[in-house]
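Note: hydrogens, waters and symmetry copies are ignored here, and every other heavy atom, side chains too, is used. The residues of the chain are indexed from 1 along the displayed sequence.
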Amino acid sequence: MKLKPHELSLVKYKCLITLISLLEFNDPQSNILNTIQRNVPIAILTRELITVYELFMKVYKNESNYTKDCFNHHEKIKEYKPSKSEYYELIIENGFNLFILINMFLDSKKKDTAEDEELNEFRREFSEGKGPKLLNEGVFGEVTQLTKSLAKSVFSVVKVFKKKVLDEKILNKFMDKEEQAELEREREKKKIMKKAFKFFKQRTVHIEILREKKLQKIYFPLLPECRFLSDEYK
């Protein structure tokens, strides 16, 4: 029996809760963390983050509509109506848990270590404003990839021009219409990824807890009502 979209979102919710529970207060170098990172690549987490963000925008139309109604959709499954399928499919907690998991991965590793090339690439591309490459597949589903011919074309151009900024018109000469369309879709995904990452970053906070003489970060969502607290009350 095939799961419906809102049922699949609920499965993902439970999986993410389990993963974060396993990682909290764990040694950054533990086998548990390394095993999870190998089986759930950061590219898959970013792909799912995009999915949650896109669902949020479809249901609530604007980022300013981030209210308490955005939460606990999974507790309203019994009220499910096909006409509001996207509402029930949206579990915004999944977005926060994905963002938290990404940060836990990044926090666990030192920067620029050879064995953590995927995490380093994520850091570099995001710090340069390019957005992460969504080219991997994994347990959460398929990720749109560039065609092999497109990849070969891009790599050949990069070899010729190296670090120079390429004009799009020049780049397009190396590709047919199908490849150009695929590249444009990839660019759009990167734009959405930046918006999704920014959305959850602005609404996620953390505290630091001293445990066994080590500082550990605990991340959690910044609930909508918290935005209206006075500095004195905070």
Side-chain angles (χ1 to χ4, degrees), residues 2-20 22-23 33-60 63 70 73-74 85-86 88-109 116-148 150-151 154 179 181-204 219 221:
K2 187 177 179 180
L3 291 176
K4 295 179 181 179
H6 68 280
E7 294 172 329
L8 183 58
S9 290
L10 186 58
V11 172
K12 292 177 181 179
Y13 172 74
K14 293 181 178 180
C15 288
L16 287 165
I17 290 291
T18 302
L19 289 176
I20 291 175
L22 287 170
L23 291 179
L33 177 61
N34 293 330
T35 300
I36 291 174
Q37 283 182 304
R38 284 195 299 270
N39 288 280
V40 188
I42 199 167
I44 302 307
L45 301 181
T46 58
R47 184 264 183 181
E48 288 298 309
L49 196 70
I50 288 176
T51 299
V52 177
Y53 177 76
E54 288 182 322
L55 273 171
F56 171 84
M57 292 302 292
K58 286 180 180 178
V59 174
Y60 291 100
E63 291 184 5
C70 302
H73 286 200
H74 59 287
S85 59
E86 290 177 340
Y88 296 100
E89 183 182 354
L90 170 62
I91 299 181
I92 199 169
E93 290 89 342
N94 283 352
F96 284 106
N97 288 331
L98 287 160
F99 183 78
I100 289 169
L101 199 54
I102 289 171
N103 277 279
M104 293 175 82
F105 281 7
L106 296 176
D107 290 342
S108 68
K109 301 294 183 179
D116 301 313
E117 184 55 36
E118 186 186 34
L119 293 180
N120 290 331
E121 183 177 357
F122 184 89
R123 288 190 183 99
R124 286 194 298 269
E125 292 216 10
F126 227 89
S127 64
E128 293 169 4
K130 297 177 183 177
K133 295 179 180 178
L134 307 177
L135 300 179
N136 292 336
E137 297 182 9
V139 295
F140 284 106
E142 297 181 355
V143 182
T144 302
Q145 301 188 32
L146 292 177
T147 60
K148 291 182 179 179
L150 172 59
V154 173
E179 290 173 333
E182 192 67 34
L183 181 60
E184 185 59 33
R185 285 193 289 271
E186 184 69 13
R187 287 175 181 148
E188 287 302 312
K189 279 186 174 293
K190 289 182 178 181
K191 289 179 182 178
I192 296 172
M193 179 61 227
K194 289 177 69 176
K195 291 180 180 179
F197 192 89
K198 183 179 179 181
F199 176 85
F200 287 103
K201 182 179 180 180
Q202 291 177 338
R203 293 162 176 82
T204 302
Y219 294 90

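With Thr46 contributing its side chain and Ala43 its backbone, the two residues share a donor-acceptor pair below 3.5 Å. Counting only distance, with no hydrogens or angles, the side chain of Glu7 and the backbone of Lys4 share a donor-acceptor pair below 3.5 Å. With hydrogens and angles ignored, the 3.5 Å screen pairs no side-chain donor or acceptor of Asn97 with any backbone N or O of Ile20.
The distance from atom CD1 of Ile42 to atom CZ of Arg47, rounded to the nearest 0.5 Å, is 16.0 Å. In this structure, CZ in Arg187 is found 14.5 Å from CD1 in Ile192, a value given to the nearest 0.5 Å. Distance check: Leu90 CG to Thr51 OG1 gives 11.0 Å after rounding to the nearest 0.5 Å. With rounding to the nearest 0.5 angstrom, the CG atom of Leu10 is 5.0 Å from the NZ atom of Lys14. Atom-to-atom distance recorded for Asn94:CG and Leu55:CG is 10.0 Å, nearest 0.5 angstrom.
Take Lys195 and apply the side chain to side chain contact (heavy atoms under 4.5 Å, CB included) test, not counting sequence neighbours, and it matches Tyr53. Under the rule for a side chain to side chain contact (heavy atoms under 4.5 Å, CB included), the partners of Ser85 that lie at least two apart in sequence or sit in another chain are Tyr80. The ring pair (Phe, Tyr, Trp, His ring centres under 6.0 Å) check on Tyr219 picks up His206, with sequence neighbours excluded.
Smallest separation of non-hydrogen atoms from His74 and Tyr13: NE2-OH, 3.6 Å. Across all non-hydrogen atoms, the minimal contact from Leu49 to Leu98 is N-CD1, 3.7 Å. Considering all non-hydrogen atoms of both residues, Tyr60 and Cys70 come closest at OH-CA, 3.4 Å. Closest of all the heavy-atom pairs between Glu89 and Ser9 is O-OG, 2.7 Å.
Taking 4.5 Å as the limit, every side-chain heavy atom of Asp107 sits out of range of all side-chain heavy atoms of Met104. Side-chain contact check for Ile36 versus Phe105: some heavy-atom pair is nearer than 4.5 Å.
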Stepwise side-chain contact (heavy atoms from CB on, under 4.5 Å) check, Leu45 with Glu48: CA-CA 5 Å; Leu45 301 181; Glu48 288 298 309; 5.9 Å; no
Run Glu63 and Met57 through side-chain contact (heavy atoms from CB on, under 4.5 Å) and show every step you take. CA-CA 7 Å; Glu63 291 184 5; Met57 292 302 292; 3.9 Å; yes
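With respect to Glu186 and Lys189, no salt bridge is recorded, no charged nitrogen being found less than 4.0 Å from a carboxylate O. Using a cutoff of 4.0 Å between basic side-chain nitrogens and carboxylate oxygens, Glu188 and Lys191 are scored as salt-bridged.
Between His6 and Tyr88, the ring planes are perpendicular. Angles over 60° get that label, and only those under 30° would be called parallel. Using cut-offs of 30° and 60° for the angle between ring planes, the Phe56 and Phe199 rings count as tilted.
A side-chain contact (heavy atoms from CB on, under 4.5 Å) with Phe200 is found for one member of Ile102, Ile100, Asn103, Ile92 and no other, namely Ile92.
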